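Since the structure comes first, as structure tokens, the remarks are kept for the end.
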Protein chains: 2
Amino acid sequence: MEILPVEGLPEVRPGDDLAALLLASAGEDLAPGDVLVVTHKVVSKAEGRLVDLREVRPSPLAKSFAARHGKDPRHVEVVLRESRRIVRMERGLIISETHHGFVCANAGVDASNVPGEETVCLLPLDPDASAARLARDVRERAGLELPVVISDSFGRPWRNGIANVAIGLCGMSPFADYRGQRDPHGRTLEASVLAVADELAAAAELVMGKTSAVPAAVVRNYPYHPGPGTAKDLLMEPEKDLFR
Amino acid sequence: MEILPVEGLPEVRPGDDLAALLLASAGEDLAPGDVLVVTHKVVSKAEGRLVDLREVRPSPLAKSFAARHGKDPRHVEVVLRESRRIVRMERGLIISETHHGFVCANAGVDASNVPGEETVCLLPLDPDASAARLARDVRERAGLELPVVISDSFGRPWRNGIANVAIGLCGMSPFADYRGQRDPHGRTLEASVLAVADELAAAAELVMGKTSAVPAAVVRNYPYHPGPGTAKDLLMEPEKDLFR
């Protein structure tokens, strides 16, 4: 399996044709069977999911929290707006559940790799739909039917550091489901459903980094399961979540 | 970056020289700069971390829980013994904190890919020490100084499916720490500490599968940070864990 960085993309601006930009950078490297992993940041930028903080009027809650922790109240306000539920609000950090159902720090609102001191970037409105549009545009322009994974780096309970996960998906199952299959000793596997979309996102992060302007990667020779699949399938229903 | 499966290993038995077996299978594929990712299962087998259930006398708690959920009380007993704290015990599943500090299902006790109907496999006693021994043995036999990651598949809060993480490590930092560095727009990164050891484990899983007897993978051309590092560094202190 190979993981090829997609380098040389220009700064992506609202309204840009992201598929065209990705194909211009990675075009000759793309082949049938590849999986395209794209960080949400460029997807969000192309979709105009940027907020000018000068236009944000913070609520009393945002002001009070920001004042206590030395944060920008307008940034906090954007985080609150992008949340449907606050999981934890401590030490200047907000862990919340986004409108999509993702549990992550600051509702995915982020100022890194965004031009302008007063601009923050939101997650795509519907990352699965973004992945589907990108897959469609790649198909139309290059004649390639490639699965698309949109990734972001999330913190995790129990463990230090952040790691890439899939927040949008199109063209493949997010899982490799081994239940009912037999291991080499003939024992039937019971609990083995691998979240391969998350593992693809994690693998791609290793060639992206955070400072090197590599917003996408091509995973070659991974035997994915084609078909419908969304990153929403990765969200566990609260009543089934024994870890929660 | 390339991820090469290490194929053709024989069934690993207690006392086997795992480094020799891995080198026999992957030897010519190994090169300076590679990272060796090994599933804990073969490490545990080589270390004799197997339990014959016929020798286990279940406690009343194990018997009662097993009876209510149609489980093997001896297997439940082994899970309890491998735990230092039970996080959740519901619907036949036990989420616990192992003696190492990992939070996972069934304390990592697992019957898949283990020979014998009556045998279960435990996590290595000290996976960081296992990784260090493996790195030392590879160095002594092949003259290669390679980082070693020992992996297992863990469930995660909030998300469906399991994914590979690092439970043992030697020869590299588990993190890529971008704090203080500047993104292409000149903005200083604040919260970007990537758990790359987990991402390497996840990437390797994509070429391993669960039924194909591929217990290791070589990651080539990943610019890891050499130096000391353990998988214990990945364990978040409870008082810092806002997700918990």
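To find a chain, count down the sequence lines: A is the first, B the second, and so on, and within it residues start at 1. All of these numbers come straight from a predicted model, not from anything done at the bench.
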Open item on the list: Between S112(A) and D183(B), do the side chains contain a donor N or O and an acceptor N or O under 3.5 Å apart?
Closed with: no

Open item on the list: We want to know whether D52(B) and T119(B) form a side-chain donor-acceptor pair, criterion being a heavy-atom distance below 3.5 angstrom.
Closed with: no

Task: Inter-residue atom distance T230(A).OG1 - L235(A).CG, 0.5 Å rounding - done: 8.0 Å

Open item on the list: Would you compute the distance between atom SG of C121(A) and atom CZ of R49(A) and round it to the nearest 0.5 angstrom?
Closed with: 8.5 Å

Could you tell me which of [options] has the largest number of non-hydrogen atom pairs under 4.5 Å with chain A?
options	value
E205(B), R182(B), M89(B), E11(B)	E205(B)
G155(B), A202(B), G116(B)	A202(B)
V193(B), L234(B), D177(B), I3(B)	L234(B)
V87(B), V165(B), V207(B), L4(B)	V165(B)
G101(B), A195(B), P5(B), G186(B)	A195(B)

Taking side chain as everything from C-beta outward and backbone as N, CA, C, O, which of these in [X] sits under 4.5 Å from a heavy atom of chain B? Side chain, backbone, both or neither.
X	value
R156(A)	both
I95(A)	side chain
I162(A)	both
A176(A)	neither
R91(A)	side chain
A197(A)	neither
Y224(A)	neither
V196(A)	both
N113(A)	both
S192(A)	both
V114(A)	backbone
D233(A)	backbone

Task: chain B interface, residue from A213(A), A163(A), A217(A) that has the most non-hydrogen pairs under 4.5 Å - done: A163(A)

TODO: May I ask you to name which of N221(A), L194(A), L189(A) has the most heavy-atom pairs under 4.5 Å with chain B?
DONE: L194(A)

Open item on the list: Please classify the contact of A111(B) with chain A as side chain, backbone, both or neither, using a heavy-atom distance under 4.5 Å.
Closed with: both

Task: Region of L206(B) that comes under 4.5 Å of a non-hydrogen atom in chain A - done: both

[Y] side chain reached by [X] side chain, heavy atoms, under 4.5 Å:
X	Y	result
R84(B)	T98(B)	no
H100(A)	I167(A)	no
V120(B)	D110(B)	no
Y222(B)	L200(B)	yes
P226(B)	M172(B)	no

Should the pair [X]-[Y] be classified as a salt bridge under the 4.0 Å nitrogen-to-oxygen rule?
X	Y	value
D152(B)	K41(B)	no
R159(B)	D198(A)	yes
E117(B)	R54(B)	no

Task: N/O donor-acceptor pair under 3.5 Å between T39(B) side chain and P215(B) backbone - done: yes

